[in-house]
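Chain letters run A, B, ... following the sequence lines, proteins first, then strands; residues in each count from 1.
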Amino acid sequence: MRLSRYFLPTLKETPREAEIVSHRLMLRAGMIRQEAAGIYAWLPLGKRVLDKICQIVREEQNRAGAIEFLMPTLQPADLWIESGRYDDYGQEMLRVEDRHGRPMLYGPTNEEMITSIFRSSVRSYKDLPLNLYHIQWKMRDEVRPRFGTMRSREFLMKDAYSFDIDKDAARRAYYRMFVAYLRTFERMGLKSVPMQADSGPIGGDLSHEFIILADTGESAVFCDKALLDLPVPGEDTDFTGDLADLVAPFTSGYAATEEMHKEETFLAQVPEERRVSARGIEVGHIFYFGTKYSAPMNAVVAGPDGQDVPVHMGSYGIGPTRLAPAIIEASHDENGIIWPESVAPFHIGLINMRPGDEACDAAVADLEAKLEAAGREVLVDDTDTRGGAKFAQMDLIGLPKQVIVGPKGLASGEVEVKDRKTGERTMMTPEAAINALTD
RNA sequence: CGGGGCAUAGCGCAGCCUGGUAGCGCACCUGUUUUGGGAACAGGGGGUCGCAGGUUCAAAUCCUGCUGCCCCGACCA
């Protein structure tokens, strides 16, 4: 991609409304633009990041046996009246009426709709287990949206819904998502800590929030440092088996958000040197809720004995529009964003120091073609901006690697390769650069 | 929803107290010189001063009402 033909409205100065670093950097890097309180447009660079995040989420959901589909953003109110949540949800639910006067709503979540879809098509326990997910925009009309897309009113959410014949099968489904979540966040370069969450009226221990530690986190969290060092299950995990043994290490240590925190237990259970008291960002939430929706909405299947029983359900959420700022909170420096390779909008920033200079143009075009042929995504700065400004902008948008092509280097047949994270700069031949960048 | 603040060019701001027909920096356009870590000079374009009323010969400025946005708290993926 050539910067001269791209749409990348970066800002030198920070818009006044942005308080936290990820919000400032997303605005400055031209990733997002605010359209109303808590409502954002995703500009091309931001859209690329969002797509990469969604793709990782998708791959790990699929790996864990979930099946992607898509439900609409607008839902008929009837379903919510049936579940009893239409009145409970209050003003956070954006309600609209269609031209026929039919009450509709912009979905804040989809339990009702998925239950309705399930019950109309699934009749037998033989069709279970089933886990369906989608990645769709949600709307929660919060009183005070803030922190950019970290807490927006309209947000993208991956929500998965599992259906099982009984509680034990539902637990296994829950563990599959548990492991999928650990893997998902790790692939984005995040250290996530599952923390037991309030499971509401259902009770039990099958509700976890996945928290990443960051100074700007919205809630205080407490955990055992040992949990931070646990290895995450690998790609070869067999999701068809019971994952209880894989999950156990993550649920055995102390980890709690402030709502669930019990100081006495924390002090008793965790040795002083391992006590972590920090702030966290919730990037995922999974829970088992039994027959909460299936019973009132009559989502039943015939069991082996031929008798209908309500299915046991769980739901599992990840917010990609929150993950983008969460990753930035975890990975930036004073110059801008530092994207982990896996979610970087482009892998390489290729800077032409002297556009119009024949040798520079040719070297850049050659590098661009070869890197792209090797599957690297390259953003070429071919603008006639001065060098300093190019460097600053490239650092701001945080591409993991930069290649700088200019007359000085080319005089000795070399280009400069720079690592965004370490700042390390190395002169090498274009061929060596291609090798170094296409491992 | 309680408390506080802000609204003037794309972004950051001054002007308002003491009314007189709008300014600075960055960004943008033209030209020249430049060019390896946010260039210099010269010229230029862009604003119904959030909206609606009112006071006045005259309102960005004073008064009233509204709207939007931000921050702290409570609430929430």
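Residues of residues 328-363 of chain A that place a heavy atom closer than 4.0 Å to RNA chain B, in numerical order, are A:M353, A:R354. For the contact set between residues 397-421 of chain A and RNA chain B, defined by any heavy atom under 4.0 Å, the members are A:I404, A:G406, A:P407, A:K408, A:G409, A:E416, A:K418. Interface residues of residues 32-62 of chain A facing RNA chain B, ordered by number: A:Q34, A:A36, A:A37; criterion, heavy-atom separation under 4.0 Å.
Nucleotides B:C57 and B:G38 place their C1' atoms 50 Å apart, quoted to the nearest Å. Spacing of P atoms, B:U48 relative to B:U8, comes out at 13 Å, to the nearest Å.
Looking at residues two or more places apart in sequence or on another chain, you find a ring pair (Phe, Tyr, Trp, His ring centres under 6.0 Å) between A:H134 and A:F69. For A:R279, there are no salt bridge (charged side-chain N to carboxylate O under 4.0 Å, His left out) partners at least two apart in sequence or on another chain. Judged as a salt bridge (charged side-chain N to carboxylate O under 4.0 Å, His left out), and not counting sequence neighbours, A:R140 has no contacts. Under the side-chain contact (heavy atoms from CB on, under 4.5 Å) criterion, A:Y86 pairs with A:A77, A:W80, A:I81, A:M93, A:R95, A:P103, A:L105, not counting sequence neighbours.
Counting only residues at least two apart or in different chains, side-chain hydrogen bond (donor to acceptor under 3.5 Å, both in side chains) contacts with residues 334-343 of chain A comprise A:E341-A:R376. The salt bridge (Lys or Arg N to Asp or Glu O under 4.0 Å) analysis of residues 57-82 of chain A, with sequence neighbours excluded, yields the pairs A:R58-A:E68, A:E59-A:R187, A:E60-A:R63, A:E60-A:R183, A:E60-A:R187, A:D78-A:R102, A:E82-A:R119. Each side-chain hydrogen bond (donor to acceptor under 3.5 Å, both in side chains) pair with one or both residues in residues 402-413 of chain A, not counting sequence neighbours, appears once here: A:D395-A:Q402.
Among the nucleotides B:C26, B:C71, B:A77, the one closest to the side chain of A:E19 is B:C71. Counting only heavy atoms from C-beta on, A:E13 has its side chain closest to B:G12 among B:G12, B:A77, B:G37. Across B:A74, B:A77, B:G36, the shortest atom-to-atom separation from the side chain of A:E282 is found for B:A77.
A:D384 comes within 4.0 angstrom of nothing in the nucleic acid, heavy atoms only. If you check every strand for non-hydrogen atoms under 4.0 Å, A:R425 touches a base. Looking at heavy-atom distances under 4.0 Å, A:T10 makes no contact with the nucleic acid at all.
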Any protein N or O atoms within reach of nucleotides 2-9 of chain B? Criterion: under 3.5 Å, listing atom names and distances.
| unit_1 | atom_1 | unit_2 | atom_2 | d |
| --- | --- | --- | --- | --- |
| B:C6 | O2' | A:R16 | NH1 | 3.0 |

Identify all pairs in which a protein N or O lies below 3.5 Å from an N or O of nucleotides 31-34 of chain B, and state each distance.
| unit_1 | atom_1 | unit_2 | atom_2 | d |
| --- | --- | --- | --- | --- |
| B:U34 | O2 | A:R386 | NH1 | 2.9 |

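No hydrogens or angles were tested; on distance alone, a donor-acceptor pair under 3.5 Å links the side chain of A:R28 to the base of B:G38.
A pairwise comparison of heavy atoms in A:T115 and A:A299 identifies CG2-CB, 3.6 Å as the closest pair.
Seen from the ring of A:Y40, A:R33 does not count as a face-on cation partner, given the 6.0 Å and 45° thresholds.
For B:A77, the base is stacked against the aromatic ring of A:F155, per a cut-off of 5.5 Å between centres and 30° between planes.
The distance from atom CE of A:M394 to atom P of B:G38 is 16 Å, rounded to the nearest whole Å.
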